[in-house]
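Notes for the one structure printed next.
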Amino acid sequence: MALDQKIYELRKDKLKQIEALGQSAYPYRYETTHSIPQILGEFSAKTAQDLESPKVNVSIAGRIMSIRVQGKAGFAHLQQDGKRLQIYVRLDFVGEKGFQLYKLLDIGDYIGVKGYLFRTRTNELTIHVEEITFLVKDLLPLPEKWHGLQDVETRYRRRYVDLTMNPEVREVFIKRAKVVQSMRHFLDAHGFVEVETPMMHPIAGGAVAKPFITHHNTLDVDLYLRIAPELYLKRLVVGGMDRVYEINRNFRNEGISTQHNPEFTMLEFYMAYADYRDMMDFTAQMLAQIAIDVNGTAMAHFNGQEVDFGNIQRLTMREAVIKFWPENAGPKPDMDDFSSAEKIAALVHRYNAANPHIPYDPTAPDGKTIAELFEFVAEPHLIQPTFIYDFPLAISPLSKNKREPEENANWVERFEIFAGGLEIGNAFSELNDPEEQRRRFEQQLSERARGDEEAHQMDEDYIRALSYGLPPTAGEGVGIDRLTMLLTDSRSIRDVILFPLLRPLNREEEEKIDVTEGSK
RNA sequence: GGGCCCGUAGCUCAGUCGGUAGAGCAACGCACUUUUAAUGCGUGGGUCGCAGGUUCGAUUCCUGCCGGGCUCACCA
């Protein structure tokens, strides 16, 4: 029998003894006067004398995280909301039964205590307990108290243990909640309406990615888990909801890495009568505000570097390639070097001659090659928050062509937000010409035929919606997981997702907790 | 999917140049009415991830598999 199974049996037996003392094994409620953080906040500055007259009577509840018995007295620490408070239990104060109960407690049990505050010889704020109420037994042993839970896999698989043992993990998820709260507040204050659009789509649209497929039995149709809410949100703008946003999950059937989880959370919002330049200004304000709401400052520390959300730089994609062009690849390009397939190919070959190789596909559209060039040359350098704007049309099926006549044919009004080396957002002036949109979809279909599984599918209803008139609109998506990584200095996306996707354990491997009476 | 690394007690880790394993904490027993890594004495606990191979003998060496981490590719 495994050790934890033995402990399980032992503790079930203790639970019976606790019931024999007149306590309920699984009581329904406990009345407290304070939370542990409240007590620490209110009384940490009080001296021993302050606490003596008048006496401060309190009752609190929490999980036992350490316990020390010394004959007819003992100490323990209770934890609540990641904070700990010591309690002092004496036989002559809690009585025979109370002390019997105390001796049957284990690390991990939840209890409630009633008593008064005092300071010990070592001046630690402590509750002198007059009554203990048993709340629940921890039947499985918690990790040891010095090192806590380190094993990364167990931390993700048993997040409840991770949260109990590692207060800093709790802090990350509290900050994550603040990111979302701040975002909502900012958007609500600017007149945006929060909406919910379908998660199950007949056509996986709005982004370039492989979808998950599911099936609805009654309708007997295959559906895709959404890869983006984009096309539905824009339908709402067509319907006169000028400012809408949605904060929810997207699903992409692709790789898992420190920056990718198959389900991830995205903010998408749309602002009618605005273009991508308005969007950059708006986003700069919003990101600075979120950073301040979460950390008290626009300056974030990520991966050993300072990332200033109060100062977002702006570069076009081509400017970024020029700016970060490596010395070993010869003289810096100029704007004319992006103007023809031959010149772009020459840039790739110059780069590849001295650097990690860009996978060059001569049959790919020029715009795709330029985007590849950008990824290799510039992206790794984008630590300070930066808007990279003006994207190739070839990789932007839903963005509006640039307004300048000389660039109108091949470039679109789109930008992405980079920070800490992560891509955290994507925005554009929305393409609202239904006939141009149809041509873009058709172009995507030919990309699909060329072998690109992720190319966008045709969506006739979306074109119909545009035909009713989408006003000039700018839209943006922000990856909330990655933004949270930046604001909490988390290197892996799994550290900002409570239950990241892991391969399920085999049933045989999964240790079974047998609750059958008397099982051995 | 490729490359590199990891898997030993509930937890954190040692270790075995091939002879079936240890520590601390946790657990159990006794003592102890201001401790806080409480202390002192004592006790129990392991298919060394799984399966093959080599060997007189494998936790150790080899191969495969399972799970995980980092990284590259794809992507946000």
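These numbers come from the heavy atoms of this one structure, side chains and all, not from hydrogens, waters or symmetry mates. First the proteins, then the strands, lettered A, B, ... as listed; each starts at 1.
Residues from residues 389-400 of chain A placing a heavy atom under 4.0 Å of any atom in RNA chain B do not occur.
Rounding to whole angstrom units, CD1 of residue A:I358 and P of B:A73 are separated by 11 Å. A straight line from CZ of A:R155 to P of B:C6 spans 21 Å, rounded to a whole angstrom. Distance A:H128 NE2 to B:U34 C1': 9 Å, rounded to the nearest Å. Per the geometry, CG belonging to A:L149 stands 14 Å off C1' belonging to B:C25, to the nearest Å.
Ring geometry for A:Y232 versus A:H201: interplanar angle of 30 to 60°, hence tilted.
Annotation: of the two residues near RNA chain B, A:V208 and A:F75, the 5′-most nearest-nucleotide partner is A:F75. Nucleotides of RNA chain B nearest to A:D151 and A:A76 differ in position, and the one nearer the 5' end is that of A:D151.
The pair A:D13-A:K16 does not count as a salt bridge, with every side-chain nitrogen at least 4.0 angstrom from each carboxylate oxygen. Under a 4.0 Å N-O distance rule, the pair A:D390/A:R414 does not qualify as a salt bridge.
When only modelled atom types and interatomic distance are considered, A:N261 and A:D481 share no side-chain donor-acceptor pair under 3.5 Å.
With sequence neighbours excluded, no residue forms a ring-ring contact (aromatic ring centres under 6.0 Å, His included) with A:H77. Partners of A:N352 by side chain to side chain donor-acceptor pair (under 3.5 Å), not counting sequence neighbours: none found. A:Q384 pairs by the side chain to side chain donor-acceptor pair (under 3.5 Å) definition with nothing, not counting sequence neighbours. The side chain to side chain donor-acceptor pair (under 3.5 Å) check on A:K234 picks up A:E230, A:E430, A:Y462, with sequence neighbours excluded. Residues passing the ring-ring contact (aromatic ring centres under 6.0 Å, His included) test with A:F282, sequence neighbours excluded: A:F186, A:H190, A:F192, A:F269. The ring-ring contact (aromatic ring centres under 6.0 Å, His included) test applied to A:F415 returns A:F387, not counting sequence neighbours. Remark: A:I107 engages A:I67, A:L142 in a side chain to side chain contact (heavy atoms under 4.5 Å, CB included) (not counting sequence neighbours).
The P atoms of B:G7 and B:C50 are separated by 13 Å, rounded to the nearest whole Å. Comparing the C1' positions of B:C61 and B:G18 gives a spacing of 8 Å, expressed to the nearest Å. When the P atom is compared between B:G42 and B:G52, the two are found 42 Å apart, to the nearest whole Å. The gap from the C1' atom of B:A51 to that of B:A23 amounts to 31 Å, rounded to the nearest Å. Of the P atoms belonging to B:A73 and B:G68, the separation is 22 Å, rounded to the nearest Å. The separation of B:C11 from B:A27, taken at their C1' atoms, amounts to 12 Å, rounded to a whole angstrom. Rounded to a whole angstrom, the distance from the P atom of B:G3 to that of B:G64 is 10 Å. Straight-line distance between the C1' atoms of B:U20 and B:C25: roughly 26 Å, to the nearest whole Å.
Nucleic acid contact class of A:S66 (heavy atoms, under 4.0 Å, all strands): none. The residue A:N253 sits apart from the nucleic acid: no heavy atom pair falls under 4.0 Å. Residue A:F418 is classed as having no contact, given no heavy-atom separation below 4.0 Å to the nucleic acid. Using a 4.0 Å heavy-atom distance criterion, A:Q86 is classed as a base contact.
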What nitrogen or oxygen pairs link the protein and nucleotides 28-33 of chain B at under 3.5 Å?
unit_1 : atom_1 : unit_2 : atom_2 : d
B:C28  : OP1    : A:K14  : NZ     : 2.5
B:C32  : N3     : A:G71  : N      : 3.3
B:C32  : N4     : A:G71  : N      : 3.4
B:U33  : OP2    : A:K72  : N      : 3.2
B:U33  : O2     : A:R90  : NE     : 2.7
B:U33  : N3     : A:D92  : OD2    : 3.4

Identify each atom pair where a protein N or O and an N or O of nucleotides 68-71 of chain B are less than 3.5 Å apart, giving names and distance.
unit_1 : atom_1 : unit_2 : atom_2 : d
B:G68  : OP1    : A:R157 : NH2    : 3.4
B:G68  : OP1    : A:R503 : N      : 2.8
B:G68  : O4'    : A:E153 : OE1    : 3.0
B:G69  : OP1    : A:R494 : NE     : 3.4
B:C70  : OP2    : A:R494 : NH1    : 3.1
B:U71  : OP2    : A:T258 : OG1    : 3.3

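Nearest nucleotide to the A:T126 side chain, out of B:U35, B:U12, B:A73: B:U35. In the set B:A27, B:U35, B:U12, the nucleotide with an atom closest to the side chain of A:I7 is B:A27.
For the OP1/OP2 pair of B:G44 and a distance below 4.0 Å, the side-chain nitrogens and oxygens of A:K6 include no atom meeting the criterion. At B:A38, one or more side-chain N or O atoms of A:R68 fall inside 4.0 Å of OP1 or OP2 (strictly under the cut-off).
In this structure, A:H357 has its ring center at least 6.0 angstrom away from the ring center of A:F376.
Within the 3.5 Å criterion, the main-chain N or O of A:N303 finds a donor-acceptor partner in the side chain of A:D489.
Annotation: side chain to side chain donor-acceptor pair (under 3.5 Å) contacts involving residues 369-379 of chain A, sequence neighbours excluded, are absent.
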Strand RNA chain B in bracket notation, Watson-Crick/G-U under 3.5 Å with | for pairs to another chain:
(((((((..((((.....[..)))).(((((.......))))).....(((((..]....))))))))))))....
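When A:V58, A:V129, A:N57 are each tested for a side-chain contact (heavy atoms from CB on, under 4.5 Å) with A:Y116, only one passes: A:N57.
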